[in-house]
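What follows is a set of notes on a single structure, which appears directly below.
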Amino acid sequence: MSGTEAEERSGDFIRDIIRADLDAGRAGSVVTRFPPEPNGYLHIGHAKSICLNFGVAEEFGGRCHLRFDDTNPTREEHEFIASIQDDVRWLGFDWGDHLYFASDNFETLYGWAEHLISEAKAYVDDLSQDEIRKHRGTLTEPGRNSPYRERAVEKNLDLFRRMRAGEFADGARVLRAKIDMASGNINLRDPVIYRILHAEHPRTGNAWCIYPTYDFAHGQSDAIEGVTHSLCTLEFEDHRPLYDWLIDNLPVPARPRQYEFARLNLFYTVLSKRILTGLVAGGQVGGWDDPRMPTISGLRRRGVPAAAIRDFVKRIGISKSDNTVEVALLDHCIREGLNKTAERRLGVLRPLKVVIENYDEGAEEELDAINNPEDAAAGTRTVPFSREIYIERDDFMEDPPKKFFRLAPGREVRLRYAYFITCTDVIKDDAGVVTELRCTYDPATRGGNAPDGRKVRGTLHWVSAAHGVEAEVRLFDHLFTRPDPGAEGDIVDDINPESLTVLKRCRLEPALADARPGETLQFERQGYFCLDPDSSPDKLVFNRTVALRDSWAKIKAKGAGKG
RNA sequence: UGGGGGAUAGUUUAACGGUAGAACUUCCGGCUCUGGACCGGACGGCCCAGGUUCGAAUCCUGGUCCCCCAGCCA
């Protein structure tokens with residue numbers, strides 16, 4: 001096998017299976033599907049599934065469907081149907097004409113349920129929910145047959161039709177597949193396949209008052225659509241025998257196969273739709289698209305490009321072992337993409353005023369700045385400079401430790417794209433807080449280089465006081481304080497009270513007033529930022545997507561306590 | 001104690017009986033008009049015990065640990 005062949009052969013076990021099926025002729029082409037239930041917003045865990053399903057379809061020349069598994073009208077909404085489509089599209093995937101809803105199959109599924117009844121493979125059970133539970137047995141004890149299990153086919157058919165007709169109240173009866181109450185696999189202990197729900201469905205309205213369960217809808221919908229490889233997460237492994245049983249016992253037009261892979265977990269993050277829904281409902285976050293949320297819409301609002309999410313998913317791989325990925329990998333993927341594409345700007349988050357005493361009062365000039373050192377095609381822009389500027393508070397220390405290369409009394413540093421300045425005086429308020437610095441500049445260093453060849457260790461970003469625009473900047477940290485939120489006690493107690501930091505009165509270079517929504521920019525030496533939808537022309541609001549790697553912070557942290 | 005899965009560096013993931021490799025993280029160094037980026041280097045792993053084999057992460061046996069399942073959720 002040559003090197004390139006070896007590369008083609010490499011991949012995850014799912015791709016291995018598909019390749020083998022294709023090679024052996026078990027499948028003529030590949031059809032996959034992404035099957036969300038429209039009861040919440042998509043998150044980065046879904047992105048893994050989306051990239052897998054759409055990815056393999058594309059790689060093997062097949063197609064991937066978007067199918068809503070909308071079988072439970074009590075918790076599904078139009079809002080979610082719309083947001084899910086937006087998010088999948090935004091991630092960069094296209095289902096073409098292949099948009100489906102399990103609810104489109106309700107009539108067919110109903111017919112198949114009657115078919116099962118006719119074959120004496122399903123029966124209407126009058127037991128209450130509680131009684132059914134008691135009959136089900138436990139993990140270690142077999143279940144007991146329902147007293148209604150041997151009802152005559154005609155009686156079952158009659159009752160099931162009357163269930164559909166709305167003669168019974170919610171929960172009064174269910175339709176169950178007749179399989180094996182003694183099975184070690186609880187899913188095979190006569191699973192409920194239809195239940196009575198007098199609820200309005202987002203798509204079928206009030207046409208139905210009985211709805212198929214997931215198990216009765218999923219595999220059959222796969223078969224109807226011609227799905228060849230039905231990829232889902234590990235918790236459905238136990239359902240595969242039921243999936244197969246239904247396919248085997250129903251006159252379905254195709255024979256799909258289910259394969260399971262491990263879902264994504266992220267440290268310091270929750271990827272449970274139930275819990276995310278709770279955070280939104282409980283007001284712990286601002287909504288599904290709160291930038292601290294692991295939702296696709298939250299990541300988008302934070303400024304994370306779709307390409308970074310795709311890259312991340314590619315890097316974490318696909319396997320069957322439980323896994324929890326470090327947030328650092330996601331951050332890395334975000335930075336790596338943005339480093340190549342994001343334009344640079346100057347923005348001061350925590351301003352400290354600097355007066356350059358030997359610079360003419362009232363004078364100003366435009367200095368050239370490079371938009372993206374990683375991309376010459378991004379060109380240059382000019383940045384206004386004047387006598388009074390702002391620098392970052394963290395870039396000055398009155399009594400600096402050894403490895404601090406930034407501004408300090410008597411020290412010379414470079415202002416990015418501007419001049420060398422030297423700190424000559426420190427002004428403080430009554431409380432001893434530094435309020436202003438007095439500096440001098442060297443006119444010969446215009447642009448940032450000294451003709452005499454002298455070097456400085458530090459380069460600071462800055463914004464002209466007279467020209468800069470004011471903005472609010474929002475910084476985000478992990479939503480939870482512990483790597484395994486909710487592992488002990490109430491998860492709400494694990495919410496990080498400092499997950500959101502709002503900085504008012506930040507000073508940004510004037511070009512930032514023209515930032516476009518959806519565009520992520522780098523504030524030099526700080527990180528990547530994007531305009532938040534809360535922004536307006538008279539009140540700019542930026543979100544920090546991710547900070548730049550900060551080796552000074554590490555040095556500082558290490559030195560802390562050591563003097 | 002039933003059934004179904006899984007164990008390879010700190011994290012994620014390769015290997016398909018033939019030299020355990022990568023990425024991220026961490027650390028060290030270089031370079032730099034971003035303490036960014038980039039470049040170079042280092043640390044670090046096959047769950048355990050037997051067995052088969054010239055050779056085992058891989059095959060066999062027996063353990064151990066972890067995850068999932070008792071919704072009329074998906």
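Of the C1' atoms belonging to B:rG4 and B:rU8, the separation is 23 Å, rounded to the nearest Å. With C1' as the reference atom, B:rU19 and B:rA56 are 14 Å apart, rounded to whole Å. Comparing the C1' positions of B:rG44 and B:rC28 gives an interatomic distance of 15 Å, to the nearest angstrom. Nucleotides B:rC16 and B:rG21, compared at atom P, are 13 Å apart to the nearest Å. Comparing B:rA15 with B:rA7, their C1' atoms sit 16 Å apart, to the nearest whole Å. Comparing the same atom, C1', in B:rC31 and in B:rG40 gives a spacing of 11 Å after rounding to whole Å. Here the separation of B:rA42 from B:rG55, taken at their C1' atoms, is 31 Å to the nearest Å. For the C1' atoms, the distance linking B:rA14 with B:rC24 amounts to 15 Å, nearest Å.
Distances shorter than 4.0 Å separate some side-chain N or O of A:Arg136 from OP1 or OP2 on B:rG71. For B:rU26, one of the phosphate oxygens OP1 or OP2 lies less than 4.0 angstrom from a side-chain nitrogen or oxygen of A:Lys554. Taking 4.0 angstrom as the limit, A:His461 places none of its side-chain polar atoms (N or O) nearer than this to OP1 or OP2 of B:rU34. Between A:Arg335 and B:rA37, a side-chain N or O to OP1/OP2 separation shorter than 4.0 Å is absent. Within the structure, every side-chain polar atom (N or O) of A:Arg525 is placed at least 4.0 Å from both OP1 and OP2 of B:rA37. The side chain of A:Arg457 contributes no N or O atom lying less than 4.0 Å from OP1 or OP2 of B:rU34. One finds a side-chain N or O of A:Arg195 lying less than 4.0 angstrom from the OP1 or OP2 phosphate oxygen of B:rC73. Within the structure, every side-chain polar atom (N or O) of A:Lys455 is placed at least 4.0 Å from both OP1 and OP2 of B:rC31. Regarding contacts with the backbone of B:rA74, a side-chain N or O of A:Thr71 is found under 4.0 angstrom from either OP1 or OP2. OP1 or OP2 of B:rC69 has not a single side-chain nitrogen or oxygen of A:Arg189 nearer than 4.0 Å. A sub-4.0 Å separation between OP1 or OP2 of B:rG6 and a side-chain N or O of A:Ser319 is absent. Dashed line: the shortest gap from a side-chain N or O of A:Asn72 to OP1 or OP2 of B:rC73 is under 4.0 Å.
Residue contacts shown for A:Thr74 are absent, as no nucleic acid heavy atom lies under 4.0 Å away. Residue A:Arg344 is classed as a base contact, given a heavy-atom separation below 4.0 Å to a base. Among the heavy atoms of the strands lying under 4.0 Å from A:Gln522 is at least one base atom, whether or not backbone atoms are also near.
B:rG71 shows a glycosidic angle within 90° of 0 and is accordingly assigned syn.
No donor-acceptor contact under 3.5 angstrom links the side chains of A:His461 and A:Glu524, judged on distance only.
Taking the six-membered ring for Trp and thresholds of 30 and 60 degrees, A:His201 and A:Tyr211 have nearly parallel ring planes, at less than 30 degrees apart. Between A:Tyr110 and A:Phe160, the two ring planes are parallel [angle under 30°; tilted spans 30° to 60°].
With a 6.0 Å cutoff to the six-membered ring centre and a 45° limit on the axis angle, A:Arg203 counts as a cation-pi contact of A:Phe101.
Residues A:Arg240 and A:Gln258 come closest through the heavy atom pair CD-O, 3.4 Å. Across all their heavy atoms, A:Ala342 and A:Thr520 have their closest contact at CB-O, 3.4 Å. Here the closest non-hydrogen pair linking A:Glu76 and A:Asp69 is OE2-O, 3.7 Å.
With B:rU12, B:rA74, B:rG2 as the candidates, the nucleotide lying closest to the side chain of A:Val325 is B:rU12. In this structure, the nucleotide among B:rG3, B:rC27, B:rU25 sitting nearest to the side chain of A:Arg549 is B:rU25.
Counting atom types as modelled, A:Glu374 pairs a side-chain N or O with a base atom of B:rG36 as donor and acceptor under 3.5 Å.
Along RNA chain B, the nucleotide nearest to A:Asp550 and the one nearest to A:Glu326 differ in position, and the one closer to the 5' end is contacted by A:Glu326. Both A:Arg414 and A:Asp130 lie near RNA chain B, and the one whose nearest nucleotide falls closer to the 5' end is A:Arg414.
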